[in-house]
There are 2 protein chains.
Amino acid sequence: MTASNATYPKVRSPRVQVEEALYAMIESLKTGDQLPPEPALAKQLGVSRPTLREVMRTLVERGVLVRRHGVGTFVASRFPVLESGMEILESLARLAERIDLQTEAAYLEVEERLATPIEVAGLEFPQGSEVPVLIVNRVIAIEGEPVADLRDIVPLEYLTKEGLGENFHGSVLDVFLERGEPLLSTSRTEIVAEAANVKFAKRLGVRKGSALLKLVGQLYSYDEKVVDYSVSYFVPGHFKFHVMRRVNRK
Amino acid sequence: MTASNATYPKVRSPRVQVEEALYAMIESLKTGDQLPPEPALAKQLGVSRPTLREVMRTLVERGVLVRRHGVGTFVASRFPVLESGMEILESLARLAERIDLQTEAAYLEVEERLATPIEVAGLEFPQGSEVPVLIVNRVIAIEGEPVADLRDIVPLEYLTKEGLGENFHGSVLDVFLERGEPLLSTSRTEIVAEAANVKFAKRLGVRKGSALLKLVGQLYSYDEKVVDYSVSYFVPGHFKFHVMRRVNRK
DNA sequence: GTCTATTGACTTGTCAGACAACTGATTTAT
DNA sequence: ATAAATCAGTTGTCTGACAAGTCAATAGAC
């Protein structure tokens, strides 16, 4: 049973098309700019107003748009939420690319082997399973200075050493996205602070015992399987993570 | 200029009512349970289908519901996202309460003074402003063991020492929520790993230099002002934070 | 009897057009 | 000069209908 025998919609639904078109439009606008009125926008995008409104509602929920009854719809983003926030999963490579930051893979190791018990648990396979996996381990550096150590554990059924291709630059996420398979839905990332052990201290050029930010992520496909279990260490100061949180009423 | 002269809608709009009703309904269901079909649900809640759909769309966006074209709408929540994730801002007291965990305020200090330059910046007041603030500093312990050091910095115009009331148990957020003023919208929380200095090491009962998770939060009101700037330190192992991240297509 | 194709009930997705409610600026009346 | 009324523009909500997807029951072919 592979991940590829699931069927997904071939043509994009109106809603998805509208979402992409809206994002493109927003990208060309500045914070605070007003969008065209709904009837005009719906006509322009070739959909009905209710459909457009459903899409806009999701963008409001994501904090991209702000609506004011009787006034209009505006581009929100007081801060670049989507740029540096943690609500969106994005490879470091792409993040850096967008802010014109040069990154180098200071260290890259690819290996195929059986998953360790901890990795099996992280991949949410039954305890005791023998799971052949691809391990991608790399250290990211900025201007020669190592800032992050990233490790991906991917079951071989989703990705093999050959599947990485020639111009693999380190990001398993990007490979999945470019390939379009498996279709990804969400990621659950656990956030921990951990003291650097000897191995990571050496790799990242910090003192043993210094505080590192550790992110443990599980990347889920549409059919609710873990397709990537990742463990990352970040050197404080070089990367800042933030998260936007809604207030829980009542 | 206080925060109270802004006007907010007096009666809840249909959409807000429906959202609350839906949450109540979902709460009484289990993961995977199917909701009534949209036409029936709309009738039951006394709104039109488009309105109901807009609300459902936001719940889908939040990961609470899952919709399958031609099949139905189901309660999602593979894990208790809203319970322990970071998408929702919630006081530690309430979080602990819900999981039947006894917490004690091992240390509580309340003080009124002028904000330091760093605090002024955190509150997003103009540089150089003299901002009188209320400082609430406390250490949370579980079963006698300190696990978190929390500090809130609140401009006096929003909260004073007297405003805390008699039965103040340590959470500024809960005071705001109970009082209903100022109306809160979102919080921006920055995530850092930091080594414990002497002061925090002593307070939290850990070795100097051990890794702590540091969260720096800015709590925003509806009129886009910072009403609470907070700095928190957490001892690893006692609290786990995670965040659900969407995949960034393209 | 077994397998395959078809039908049909049920559900979500989308559409169209209309009116209500709100906002902000303009105009009018005092 | 000031306050009230008006009005154009926008989002919010409603009604009713049809399209498209899913799944199980049914009818048909072998």
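By convention in this document, chain letters (A, B, ...) are assigned in the order of the sequence lines, proteins followed by strands, and residues within each chain are numbered from 1. Every value quoted in this text rests on a predicted model; they were computed, and no experiment measured them.
For A:Leu29, the side chain to side chain contact (heavy atoms under 4.5 Å, CB included) partners are A:Met25, A:Asp33, A:Leu35, A:Val75, not counting sequence neighbours. Remark: A:Asp228 engages no residue in a salt bridge (Lys or Arg N to Asp or Glu O under 4.0 Å) (not counting sequence neighbours). Under the side-chain hydrogen bond (donor to acceptor under 3.5 Å, both in side chains) criterion, B:Thr51 pairs with B:Ser48, not counting sequence neighbours. Checked against salt bridge (Lys or Arg N to Asp or Glu O under 4.0 Å), B:Arg49 has the following partners two or more places apart in sequence or in another chain: B:Glu38. For A:Ser129, the side-chain hydrogen bond (donor to acceptor under 3.5 Å, both in side chains) test picks out no residue, with sequence neighbours left out. Take A:Thr73 and apply the side-chain hydrogen bond (donor to acceptor under 3.5 Å, both in side chains) test, not counting sequence neighbours, and it matches no residue. Under the rule for a salt bridge (Lys or Arg N to Asp or Glu O under 4.0 Å), the partners of A:Arg113 that lie at least two apart in sequence or sit in another chain are A:Glu111, A:Glu119.
With a 6.0 Å radius and a threshold of 12 heavy atoms from other residues, nucleotides or ligands, A:Ile118 has its CD1 atom at or below the threshold.
Listed by residue number, the members of residues 48-57 of chain A with any heavy atom below 4.0 angstrom from DNA chain D are A:Arg49, A:Arg53.
Atom CD of A:Glu19 and atom C1' of C:dG13 are 15 Å apart (whole Å). Distance CG (B:Leu45) to P (D:dC14): 11 Å, rounded to an integer number of Å. Counting to the nearest Å, the C1' atom of C:dT12 and the CZ atom of B:Phe74 are 11 Å from each other. As a whole-Å value, the separation of A:Gln17 CD from C:dC15 C1' is 15 Å.
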Original post:
How does protein reach along nucleotides 6-11 of chain C, written 5' to 3' as B (base within reach of a heavy atom under 4.0 Å), S (only sugar-phosphate), or - (no contact)?
Top reply: -----B
